[in-house]
*Asks:* 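Take this structure, written in structure tokens, and hold onto it; I'll ask about it next.
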There are 2 protein chains.
Amino acid sequence: MKKTAVVLPMVSLRTTPNSVMETQERIVDILKKNSLSVTDSRKKILRYFLESDGALAHADIEHQSGTEFDRVTIYRTLQTFVDKGIIHTIPTADNAVRYALCKDDCYAGHHHDDHVHFMCDQCGTTYCLDHITVPGISLPAGFKAQQTDLVVSGICSKCNN
Amino acid sequence: MKKTAVVLPMVSLRTTPNSVMETQERIVDILKKNSLSVTDSRKKILRYFLESDGALAHADIEHQSGTEFDRVTIYRTLQTFVDKGIIHTIPTADNAVRYALCKDDCYAGHHHDDHVHFMCDQCGTTYCLDHITVPGISLPAGFKAQQTDLVVSGICSKCNN
DNA sequence: AATATTTTGCAACATTGTTGCATTGCATTA
DNA sequence: TAATGCAATGCAACAATGTTGCAAAATATT
Ligand SMILES: [Mn+2]
Ligand SMILES: [Mn+2]
Ligand SMILES: [Zn+2]
Ligand SMILES: [Zn+2]
């Protein structure tokens with residue numbers, strides 16, 4: 001139950017109006033819009049997310065980056081991105097938390113990741129099904145829902161042949 | 001997969017027909033019905049689940065049991081129970097997998113835990129909402145669902161005053 | 001009771017995550 | 001652009017979690 005609640009004004013994340021930005025520019029853009037100083041580690045880690053179609057676990061980033069930066073830096077960077085609403089976590093039952101980019105309407109302290117996630121049992125890829133929203137669940141009396149996480153597992157379209 | 005066909009409707013693991021069994025008897029009963037040898041560790045760990053109203057994490061069991069048995073034994077026992085369909089895992093976003101008793105229609109290799117789970121943000125208790133089933137989710141073309149995990153978090157009825 | 005089979009404890013190791021602190025790098029202002 | 005203040009990083013040390021092989025102990029079977 002450790003939750004850093006930094007409240008900042010709502011800012012948009014992934015897209016910038018009126019231009020097709022280069023990835024590198026978009027990366028810097030996202031960091032600056034979230035009042036984060038632009039460092040090598042943050043740029044690299046954010047790039048991994050932008051260039052990946054699936055979610056990433058800490059270990060994925062650690063393996064991809066090799067010795068480029070410290071493990072601790074990855075942990076701290078991921079936490080910072082979550083706090084700012086740049087990425088969100090995806091619950092799993094396999095002790096490997098995954099992270100994925102948030103959509104525009106997420107901001108510091110307030111995530112809007114009410115979409116369905118899909119984990120492929122075969123290739124292991126975790127997808128954000130951004131356009132499939134989580135249905136409302138009617139709970140027993142006295143229970144108050146704060147957030148709903150829905151993860152479907154099975155075979156993804158790439159593996160399904 | 002030899003499952004003894006229980007005729008009575010919806011018999012749960014916690015009760016046995018035609019008698020009010022002592023907990024100890026019920027524990028031995030469950031183990032034997034799953035072709036598991038009856039050992040001290042298994043009896044104790046199963047008892048924790050029977051006497052708990054919420055789900056348990058590995059650490060919960062480790063702390064409760066003290067030095068009674070080895071950590072490794074707990075890991076192996078939990079895995080055995082999952083394999084046999086006695087307990088099921090509950091996915092979380094905090095890297096602390098929890099386990100809860102399965103209902104009767106779970107057996108080795110085939111879980112039927114298609115019910116909603118609830119995690120209280122305040123007291124940390126994880127509930128199985130056995131009577132609330134997970135709604136079907138229509139996926140994009142090519143995706144095939146195998147299992148759906150739905151976890152609601154918020155405030156539970158005990159904490160909600 | 002003797003034997004065959006499983007389970008357990010232990011040790012050793014691997015992976016994952018956290019914290020404090022000195023050093024480095026970034027951003028701001030002069 | 002250079003100086004300065006603050007934030008981020010690397011490193012070390014540690015804690016927590018999870019895995020494996022193997023000998024000893026417990027359980028089930030005969
Ligand atoms: Mn997502
Ligand atoms: Mn359950
Ligand atoms: Zn796949
Ligand atoms: Zn509660």
Side-chain angles (χ1 to χ4, degrees), chain A residues 1-4 6 8 24 27-47 55-84 86-87 89-99 108 124, chain B residues 24 27-47 55-84 86-87 89-99 108 124:
Chain A
M1 263 110 270
K2 54 191 171 153
K3 217 145 228 172
T4 16
V6 187
L8 289 179
Q24 192 62 20
I27 289 169
V28 174
D29 189 56
I30 292 172
L31 292 176
K32 287 193 172 166
K33 279 183 174 157
N34 283 281
S35 320
L36 292 175
S37 49
V38 179
T39 68
D40 283 348
S41 340
R42 284 172 179 169
K43 281 189 287 186
K44 286 265 172 56
I45 292 175
L46 190 43
R47 174 179 287 271
L56 298 175
H58 172 97
D60 295 327
I61 298 170
E62 193 173 335
H63 293 147
Q64 278 189 58
S65 61
T67 61
E68 203 161 6
F69 28 72
D70 198 83
R71 277 178 354 101
V72 179
T73 300
I74 301 176
Y75 282 112
R76 290 196 267 228
T77 301
L78 290 172
Q79 189 55 55
T80 300
F81 286 179
V82 170
D83 290 343
K84 289 293 186 177
I86 299 173
I87 60 177
T89 59
I90 301 170
T92 62
D94 67 349
N95 271 70
V97 175
R98 318 214 168 181
Y99 302 85
Chain B
Q24 193 62 20
I27 288 169
V28 173
D29 189 56
I30 293 172
L31 292 176
K32 287 193 173 166
K33 276 183 176 157
N34 283 281
S35 319
L36 292 175
S37 48
V38 179
T39 68
D40 283 348
S41 339
R42 285 171 180 170
K43 282 189 286 186
K44 285 266 174 54
I45 292 174
L46 189 45
R47 175 179 285 272
L56 298 175
H58 171 96
D60 295 327
I61 297 170
E62 192 172 337
H63 294 145
Q64 276 190 59
S65 61
T67 60
E68 203 162 4
F69 28 72
D70 198 83
R71 277 176 357 98
V72 179
T73 300
I74 301 176
Y75 282 112
R76 291 196 267 225
T77 301
L78 289 173
Q79 188 55 55
T80 299
F81 285 179
V82 169
D83 291 343
K84 288 292 185 177
I86 298 173
I87 60 177
T89 59
I90 302 170
T92 63
D94 66 349
N95 269 69
V97 175
R98 316 205 171 191
Y99 302 84

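Throughout, a chain's letter reflects where its sequence line sits, starting with A, and its residues are numbered from 1.
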*Asks:* I want to check one thing: is the phosphate of C:dG17, taken as OP1 and OP2, less than 4.0 Å away from some side-chain N or O of A:Arg71?
*Replies:*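 Result: no.
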*Asks:* Are B:Phe69 and B:Ile45 close enough that some pair of their side-chain heavy atoms sits under 4.5 Å apart?
*Replies:*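 Yes, their side chains come closer than 4.5 Å.
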*Asks:* Describe the nucleic acid contact of A:Thr80 in one word from base, sugar-phosphate, nothing, applying a heavy-atom distance below 4.0 Å.
*Replies:*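 Touches nothing.
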*Asks:* Can you tell me how far C1' of D:dC11 sits from CD1 of A:Ile74, to the nearest Å?
*Replies:*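 Result: 15 Å.
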*Asks:* Whole Å only: how far is the CD atom of A:Glu62 from the P atom of D:dT9?
*Replies:*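 So the two atoms are 15 Å apart, to the nearest Å.
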*Asks:* Just wondering, are more than 12 heavy atoms of other shown residues or ligands nearer than 6.0 Å to NZ in A:Lys32?
*Replies:*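 Check fails, neighbour count at 12 or below.
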*Asks:* Over the length of the helix from C:dA1-D:dT30 to C:dA30-D:dT1, how much do the five-pair end axes diverge, rounded to 10 degrees?
*Replies:*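 The end-segment axes of the helix from C:dA1-D:dT30 to C:dA30-D:dT1 are tilted 30° relative to each other.
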*Asks:* Return the set of residues passing salt bridge (charged side-chain N to carboxylate O under 4.0 Å, His left out) with A:Arg47 (not counting sequence neighbours), or none when no residue passes.
*Replies:*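 A:Arg47: salt bridge (charged side-chain N to carboxylate O under 4.0 Å, His left out) contacts with A:Glu51.
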*Asks:* Between A:Asp94 (CG) and C:dT16 (P), how many Å, whole number?
*Replies:*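 Distance, rounded to whole Å: 11 Å.
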*Asks:* Starting from C1' on C:dG17, measure out to CD on A:Gln79 and report it in whole angstrom.
*Replies:*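 One finds 11 Å between C1' of C:dG17 and CD of A:Gln79, rounded.
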*Asks:* What are the two closest non-hydrogen atoms of B:Val72 and B:Asp70, and how far apart are they?
*Replies:*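 That closest heavy-atom pairing would be N-OD2, 2.9 Å.
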*Asks:* Relative to the 5' end of DNA chain D, which residue comes earlier, A:Thr73 or B:Ala59, by the nucleotide with the nearest heavy atom?
*Replies:*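 Closest to the 5' end, via its nearest nucleotide, is A:Thr73.
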*Asks:* Each nucleotide in nucleotides 21-30 of chain D should get exactly one letter: B, S or -. Can you fill that in based on protein heavy atoms under 4.0 Å?
*Replies:* B-----SS--
*Asks:* Taking the side chain as every heavy atom from C-beta outward, state whether A:Thr77 and A:Ile61 have any pair of such atoms under 4.5 Å apart.
*Replies:*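 A side-chain contact under 4.5 Å is absent here.
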*Asks:* Any ion pair linking B:Asp40 and B:Lys44 (charged N to carboxylate O, less than 4.0 Å)?
*Replies:*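 So B:Lys44 does not pair with B:Asp40 through a salt bridge.
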*Asks:* So which heavy atom on B:Ala55 is nearest to which on B:Arg98, and how close?
*Replies:*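 Smallest interatomic distance, heavy atoms only, reads CB-CB, 4.0 Å.
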*Asks:* C:dG17, C:dG9, D:dC11: which one has an atom nearest the side-chain heavy atoms of A:Tyr75?
*Replies:*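 Comparing C:dG17, C:dG9, D:dC11 against the side chain of A:Tyr75, the answer is C:dG17.
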*Asks:* Is there a side-chain contact between B:His58 and B:Val97 in this structure, where contact means two heavy atoms from C-beta onward sitting under 4.5 Å apart?
*Replies:*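 No, every pair of side-chain atoms sits at 4.5 Å or beyond.
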